[in-house]
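Below you'll find the structure, written out as structure tokens, and then a few comments.
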Amino acid sequence: MNTNLSSSVPSQLETDCLVVVVLDRSEKDQSEKDKPAPSVECSDAAVREAVKDVISSGEVTGKTFETTLLHRPAGLKAKRLLLVGGGKAKNFSAAELRKLAGAAVRTLKEKSIRSFTFALPENGVAAGIPANDAVRAVVEGAFVGNFDPDYYKSDRKDQKIDALTIVVQGDPKPLESAMQASRIVAESQNFTRDLVNEPSNRMTPTMMAERAKKMAAEVGLTCEAYGADKIRQLKMGAFWGVAQGSDEPPALIVLRYEPEGAAKDVHLGLVGKGVTFDTGGISIKPADGMEKMKYDMAGAATMIGVMRAIALLKPKVKVTAIVCATENMPSGKAQKPGDVQIAMSGKSIEIINTDAEGRLILADGLCYARQLGCTHLVDAATLTGAVVVALGYVNAGIFASDDQMYERFANANKQAGEKMWRLPLDDEYKEIIKSNIADIVNSGGRYGGAISAAMFLKEFAEDTPWIHLDIAGTAWMEEAKPWIAKGPSGIALRSLVEFVRGWSA
Ligand code: BES
Ligand code: MN
Ligand code: ZN
């Protein structure tokens with residue numbers, strides 16, 4: 001999708017469709033049953049005149065994601081005018097705007113429209129959103145909305161928007177770099193979504209390594225991929241314990257970004273869970289819904305996508321991504337409940353449930369990141385069903401061992417407009433992962449399952465400041481939303497890219 005900025009008067013723009021936001025400026029809550037007060041967020045008198053009748057008719061209320069399409073609007077050069085509702089004016093933010101841009105794309109592309117113009121809302125509350133943030137939100141939202149995962153359908157229509165113009169007030173020049181940067185971020189998010197969408201027969205650990213290498217060559221990153229020999233040689237007993245059960249070779253993928261002028265004392269380590277298919281192993285999962293376990297590599301795909309964005313945005317900070325990729329299979333070679341594995345760090349782990357495999361491979365990934373000299377660690381993983389019980393499909397879980405690092409991440413997360421919620425890591429929870437015969441167990445049972453998994457990882461992050469993102473409930477959209485297709489969401493990528501950029505010297 002081409003993107004450009006324009007400072008033309010909206011009514012004077014020749015475009016297939018002009019998109020304008022409508023907000024509801026009524027004060028009270030819906031529950032108090034006051035009448036909506038729709039307000040067209042465009043100061044161009046010709047646009048306001050063109051929508052006067054449809055607004056006064058009461059057909060347009062400004063309700064979130066309400067869309068109204070007018071053809072040949074009087075007094076406008078645009079062929080069509082699309083009004084998108086943005087909800088209550090007092091609740092409007094860049095995060096809402098991002099979704100509206102996605103909703104506009106999805107509404108228009110379905111109608112075979114290929115290009116459109118989005119007028120940034122510019123009055124009242126919307127004027128409180130800095131122009132930079134607004135441009136960013138619209139570009140990111142539009143790219144996310146433009147993605148559809150119907151790659152393998154033979155009658156795929158491939159309806160996509162080709163060109164987006166954003167109308168801004170005043171000189172567009174200073175907004176150009178925000179637009180380019182957000183394009184990179186959004187394209188990287190869609191790159192990640194493509195990886196996650198692949199089924200396990202088309203995204204084996206070896207294939208994931210190949211995709212990472214290809215991307216690395218394109219953007220100028222170093223990428224190494226190691227197999228079973230190196231994993232055993234590094235004494236990654238926890239990682240190997242999972243990988244040994246599969247005929248498909250595992251891959252340890254390392255992506256390095258080391259720019260000139262980076263601070264000497266900061267080295268960020270990004271660790272991703274890359275289980276390309278999770279059957280559960282000997283503690284096998286029920287058949288119902290097992291097909292979804294192809295997305296158990298979403299954490300890995302996220303970190304690979306983050307590295308793509310970083311390589312193109314060039315912040316001055318050293319970053320290394322470590323991806324542990326393997327299948328989790330039952331077989332004659334598979335590890336069994338009761339087995340004891342010795343992790344790379346030397347800690348012994350009693351395997352209670354072979355389906356708690358993510359924490360095993362991440363244990364060695366985190367340890368390796370520390371060995372490579374990382375000063376701060378972040379991991380992303382579709383780690384537990386328990387996080388879905390706790391936070392549903394809305395928020396991803398954040399765990400942090402260090403409050404300062406958490407603050408940085410929370411700020412980046414807010415900027416990125418992704419929903420995440422912090423969960424605790426109190427020492428009391430350590431009880432749950434005690435073992436009778438080894439240092440720790442890999443499964444602490446049902447209660448507080450997302451937390452005990454995080455406590456397990458903490459044993460391997462040790463004293464290095466660390467953040468763990470459990471994206472099991474958010475990496476896959478169970479249903480389509482107005483702004484995003486059903487399928488891989490690309491969650492956490494934008495927050496992570498923003499977080500990394502925040503360390504730039
Ligand atoms: N990959 C799953 C977690 C998961 C669940 C991801 C639902 C996406 C959607 C993970 O490997 C797993 O199986 N976790 C177990 C842990 C348990 C055995 C302690 C779980 O959550 O049931
Ligand atoms: Mn599992
Ligand atoms: Zn898993």
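We number each residue from 1, following the sequence as shown. In each ligand, atom 1 is the first atom listed, and ligand 1 is the first ligand listed.
Inclusion of Thr384 in the set of residues having an N or O under 3.5 Å from an N or O of ligand 1 is not warranted. The N/O atoms of Gly358, backbone and side chain alike, include none that comes under 3.5 Å of an N/O atom in ligand 1. In terms of polar-atom proximity, defined here as any N/O pair under 3.5 Å, Tyr295 makes no such contact with ligand 1. No N or O atom of Asn353 sits closer than 3.5 Å to an N or O atom of ligand 1. Considering backbone and side-chain N/O of Arg359, none are found under 3.5 Å from N/O of ligand 1.
Heavy-atom minimum distance, Leu372 versus His267: O-CE1, 3.6 Å.
Heavy atoms from other residues, nucleotides or ligands lying under 6.0 Å from NZ of Lys316 number 12 at most. Heavy atoms from other residues, nucleotides or ligands lying under 6.0 Å from CG of Asp288 number 12 at most. Residue Lys292 qualifies as enclosed at atom NZ: its count of foreign heavy atoms under 6.0 Å is above 12. By the 6.0 Å contact criterion, CZ on Arg446 is open, its count of non-hydrogen atoms from other residues, nucleotides or ligands being 12 or less.
Side chains of Tyr152 and Glu198: a donor-acceptor N/O pair is present below 3.5 angstrom, by distance only.
The Mn ion (ligand 2) lies at 2.8 Å or more from every N, O or S atom belonging to Asp296.
Contacts between Leu383 and ligand 1, counted as non-hydrogen atom pairs separated by less than 4.0 Å, involve the backbone only. When non-hydrogen atoms are compared, ligand 1 lies under 4.0 Å from neither the backbone nor the side chain of Lys292. Using a 4.0 Å cut-off between heavy atoms, Asp278 contacts ligand 1 through its side chain alone, with no backbone atom that close. Only the side chain of Lys273 comes within contact range of ligand 1, with a heavy atom under 4.0 Å; no backbone atom does. Only the side chain of Ser443 comes within 4.0 Å of ligand 1, counting heavy atoms alone; its backbone N, CA, C and O stay farther away.
Distance check: Ile361 CD1 to Asp379 CG gives 10.5 Å after rounding to the nearest 0.5 Å.
Taking the six-membered ring where the residue is Trp, His376 and Trp503 present tilted rings, their angle falling between 30° and 60°.
The angle subtended at the Zn ion (ligand 3) by NZ of Lys273 and OE2 of Glu357 is 90°, given to the nearest 10°. Here the Zn ion (ligand 3) is the vertex; the OD2 atom in Asp296 and the OD2 atom in Asp278 give an angle of 90° (to 10°).
We find that Asp247 and Lys333 are joined by a salt bridge, their nearest charged nitrogen and carboxylate oxygen being less than 4.0 Å apart.
Results of the ring-ring contact (aromatic ring centres under 6.0 Å, His included) test with His468 over Phe460, Phe409, Phe399, Phe456 single out Phe399 as the only residue that passes.
For the pair Arg98 and Trp483, the cation-pi test (distance below 6.0 Å, angle within 45°) is failed. Cation-pi geometry between Arg422 and Tyr406 is met: the NZ or CZ atom falls under 6.0 Å from the ring centre, inside 45° of the normal.
With hydrogens left out, the protein atom closest to atom 15 (C) of ligand 1 is Asp355 O, 4.0 Å, a heavy atom.
Relative to atom 22 (O) of ligand 1, the option among Gly299, Ala356, Gly385 with the closest non-hydrogen atom is Gly385.
The contact set between ligand 1 and Glu357, taken as ligand atoms under 4.0 Å from a residue heavy atom, comprises 11 (O). Set against the non-hydrogen atoms of Met293, the atoms of ligand 1 under 4.0 Å away are 1 (N), 6 (C), 7 (C), 8 (C), 9 (C).
Glu357 has its closest N, O or S atom to the Mn ion (ligand 2) at the position named OE1. The atom name of the N/O/S atom in Asp278 closest to the Mn ion (ligand 2) is OD2.
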